[in-house]
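Residue numbers start from 1 in every chain, and the chains themselves are labelled A, B, ... in the order their sequence lines are given, proteins ahead of strands.
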Amino acid sequence: MNIFRLTGDLSHLAAIIILLLKIWKSRSCAGISGKSQILFALVFTTRYLDLFTSFISLYNTCMKLIYIGCAYATVYLIYAKFRATYDGNHDSFRVEFLVVPVGGLSVLINHDFSPLEILWTFSIYLESVAILPQLFMISKTGEAETITTHYLFCLGLYRALYLFNWIWRFYFEGFFDMIAIVAGVVQTVLYCDFFYLYVTKVLKGKKLSLPA
Amino acid sequence: RRVTGGKDEL
């Protein structure tokens, strides 16, 4: 555990909590892609199956359970409790174009051809692109609520911090996991355009709106 | 590198 890893995890946790609170307090999931949230629930489910097979630490177990629990709570709020506010017309990204290739890739390129390892690889690949339906939705509507941009910033920052964590671990522990690193770089790059808008607009007190 | 088994990172 190093400072980048810890702050990365906390940034991830902050993102998840921000989204849950935003939906809960405003009693609305307008502007939120339910498809991205389903993908994240799928990501956590397939990645944390090792909860059943091995114990790493209390921190590890608690965080995994919190992430999974919050992911399903978010999906429940969007598709059940506040379904009336869900903007399905704008959430039109075709997720099969992500899930099918990612599934194929995880079978082809993995560390070990075993069910649990393939599912872990699937989750790593899927996480790297799971935000695309959300970004697609924002590009379609041309705007995002400020609180939604805070959520996206924390979510993007988390994987960027993990990149520093992997650099740290490579130098000080000789550890590296090429699958996680490549997927992590892809994931972070997908946020770059958003990071730019966040810094130049949202942090200067303006609403995030895209030119028509 | 631990290939199979539990993962430390989240």
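At a cut-off of 3.5 Å, with distance as the only test, a side-chain donor of A:W166 or B:E9 sits close to an acceptor on the other residue. In this model, no donor atom of one side chain and acceptor atom of the other lie less than 3.5 Å apart for A:Y162 and A:H12.
Looking at every heavy atom in both residues, A:F82 comes nearest to A:C29 through O-SG, 3.6 Å.
Comparing A:M1, A:M63, A:R169 by heavy-atom pairs within less than 4.5 Å of chain B, the highest count is held by A:R169. Residue with the most contacts toward chain B among A:Y67, A:W120, A:F44, A:Y158: A:W120 (heavy-atom pairs, distance under 4.5 Å).
Proximity of a side-chain donor or acceptor of A:S11 to a complementary backbone N or O of A:T7 within less than 3.5 Å is not detected.
Residue contact with chain B, scored on non-hydrogen atoms closer than 4.5 Å, involves the side chain of A:D9 exclusively. Heavy atoms of A:N165 lying under 4.5 Å from chain B belong exclusively to its side chain. The part of A:Y48 that comes within reach of chain B is its side chain, from C-beta onward, which places non-hydrogen atoms under 4.5 angstrom from that chain.
Remark: B:K7 engages A:E117 in a salt bridge, criterion side-chain N to carboxylate O under 4.0 Å.
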